[in-house]
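Please read the structure below before turning to the comments.
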Amino acid sequence: VQLQASGGGLVQAGGFLRLSCVASGRTFNSYTMYWFRQAPGKEREFVAAIRWTGEVTIYADSVKGRFTISRDNAKNTVTLQMSSLKPEDTANYYCAARLEGSVYSYNSIQYWGQGTLVTVSS
């Protein structure tokens with residue numbers, strides 16, 4: 001499966017952005033989807049995941065209550081809505097996928113998309 005992320009940009013602290021990731025292929029609804037991010041000079045970190053059935057989501061503690069992951073299987077799309085953004089949210093954001101994976105399988109990703117840059121100014 002190929003993943004194409006978009007929606008990054010420059011936003012002020014406290015603002016809102018919505019990232020989207022479109023997947024190719026006809027079996028999108030069998031993939032658990034993840035968002036990761038990597039800030040300059042830091043390691044990539046897990047942000048959020050949604051099970052292929054859509055009923056289970058998990059979040060990193062750093063974004064819980066501010067970010068929402070959702071999916072539209074009819075449009076092969078996973079979305080990350082980010083609100084109350086902070087300068088420390090600045091990073092390249094990557095979507096990723098694992099076939100029928102657990103939402104906790106973020107250490108065994110099968111497919112990665114390219115990053116979309118989010119910059120939050122203070």
Side-chain angles (χ1 to χ4, degrees):
V1 64
Q2 292 184 323
L3 306 172
Q4 180 75 37
S6 62
L10 174 63
V11 63
Q12 288 188 333
F16 172 91
L17 273 179
R18 180 163 51 216
L19 306 183
S20 294
C21 176
V22 179
S24 64
R26 293 174 290 178
T27 59
F28 176 74
N29 59 3
S30 297
Y31 284 86
T32 290
M33 300 299 296
Y34 309 81
W35 284 98
F36 291 79
R37 66 186 182 186
Q38 186 167 20
K42 294 187 177 181
E43 293 189 353
R44 184 166 54 200
E45 63 174 356
F46 166 78
V47 174
I50 184 167
R51 195 168 183 258
W52 78 88
T53 51
E55 88 281 15
V56 178
T57 58
I58 62 169
Y59 299 89
D61 286 344
S62 58
V63 306
K64 202 171 293 183
R66 300 187 297 121
F67 290 12
T68 302
I69 188 172
S70 60
R71 66 188 298 154
D72 184 340
N73 286 343
K75 296 182 179 179
N76 280 18
T77 300
V78 61
T79 299
L80 185 69
Q81 296 189 90
M82 307 184 295
S83 61
S84 301
L85 283 162
K86 305 175 181 179
E88 51 263 43
D89 294 319
T90 294
N92 265 307
Y93 283 72
Y94 300 86
C95 60
R98 179 173 175 82
L99 181 63
E100 296 181 348
S102 163
V103 290
Y104 299 101
S105 296
Y106 42 82
N107 289 320
S108 53
I109 296 298
Q110 292 175 309
Y111 302 99
W112 291 93
Q114 93 296 349
T116 186
L117 180 62
V118 172
T119 303
V120 184
S121 63
S122 57

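Bear in mind the structure is a predicted one, so any value in this text is a computation, not a measurement.
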_Connected via hydrophobic side-chain network under 4.5 Å: Met33 and Leu80_ = yes
*asked:* Show every side-chain hydrogen bond (donor to acceptor under 3.5 Å, both in side chains) that has at least one partner inside residues 113-122, sequence neighbours left out.
replied: none
_Residue pairs, two or more places apart or on separate chains, that pass disulfide (SG to SG under 2.5 Å) and touch residues 28-62_ = none
*Of all the heavy-atom pairs spanning Val103 and Ile50, show the shortest one and how long it is.*
CG1-C, 3.9 Å
_Asp61: partners by side chain to side chain donor-acceptor pair (under 3.5 Å), with sequence neighbours left out_ = Lys64
*ILVMFWY cluster, Val47 and Tyr34 together (side-chain gap under 4.5 Å)*: no
*Pairwise salt bridge (charged side-chain N to carboxylate O under 4.0 Å, His left out) hits with a residue in residues 1-16, at least two apart*: none
_Where Met82 and Val118 come nearest, the two heavy atoms and their spacing_ = CE-CG2, 3.8 Å
*asked:* Test: disulfide (SG to SG under 2.5 Å). Region: residues 73-122. Which pairs qualify, not counting sequence neighbours?
replied: Cys21-Cys95
_Residue pairs involving residues 37-68 (criterion disulfide (SG to SG under 2.5 Å); sequence neighbours excluded)_ = none
*asked:* On a heavy-atom basis, which atom in Phe28 and which in Ala23 lie closest, and how many Å separate them?
replied: CD1-CB, 3.4 Å
_side-chain hydrogen bond (donor to acceptor under 3.5 Å, both in side chains) contacts in which one or both residues fall within residues 67-77, not counting sequence neighbours_ = Arg71-Asn73
*Got a sec, which hydrophobics cluster with Val22, joining ILVMFWY side chains under 4.5 Å apart, including via others?*
none
*Sequence neighbours left out, what pairs pass ring pair (Phe, Tyr, Trp, His ring centres under 6.0 Å) with at least one residue falling in residues 98-122?*
Tyr31-Tyr111, Phe36-Trp112, Phe46-Tyr106
*Calculate, to the nearest 0.5 Å, the distance between atoms OG and CG belonging to Ser24 and Leu3 respectively.*
7.0 Å
*Among the clusters formed by ILVMFWY side chains lying less than 4.5 Å apart, do Val63 and Ile58 turn up in the same one?*
no
*Answer with yes or no whether the hydrophobic clustering places Val1 together with Leu99; edges join I, L, V, M, F, W, Y residues whose side-chain heavy atoms lie under 4.5 Å apart.*
yes
*Could you pull out the closest heavy-atom pair between Trp52 and Ser30, with the gap in Å?*
CB-C, 3.5 Å
*Is there any disulfide (SG to SG under 2.5 Å) pair reaching into residues 36-67, and which pairs are they, with sequence neighbours excluded?*
none
*Find out if a path of hydrophobic residues (ILVMFWY) with successive side-chain heavy-atom gaps under 4.5 Å connects Trp35 to Val56.*
no
*Gln2 CD: over 12 foreign heavy atoms closer than 6.0 Å*: no
*Can you see which heavy atom on Ile109 is nearest to which on Ala97, and at what distance?*
CG2-O, 3.7 Å
_If you compare all heavy atoms of Tyr59 against all heavy atoms of Ala48, which two are closest, and at what distance to 0.1 Å?_
CD2-CB, 3.7 Å
*Does anything in residues 86-102 pair up under side-chain hydrogen bond (donor to acceptor under 3.5 Å, both in side chains), and if so which pairs, sequence neighbours excluded?*
Arg37-Asp89, Arg37-Tyr93, Arg66-Asp89
*Verify side-chain contact (heavy atoms from CB on, under 4.5 Å) between Leu85 and Phe67, making sure each step is shown before the conclusion.*
CA-CA 9 Å; Leu85 283 162; Phe67 290 12; 3.9 Å; yes
*Set of side chain to side chain donor-acceptor pair (under 3.5 Å) partners for Asn29, sequence neighbours left out*: none
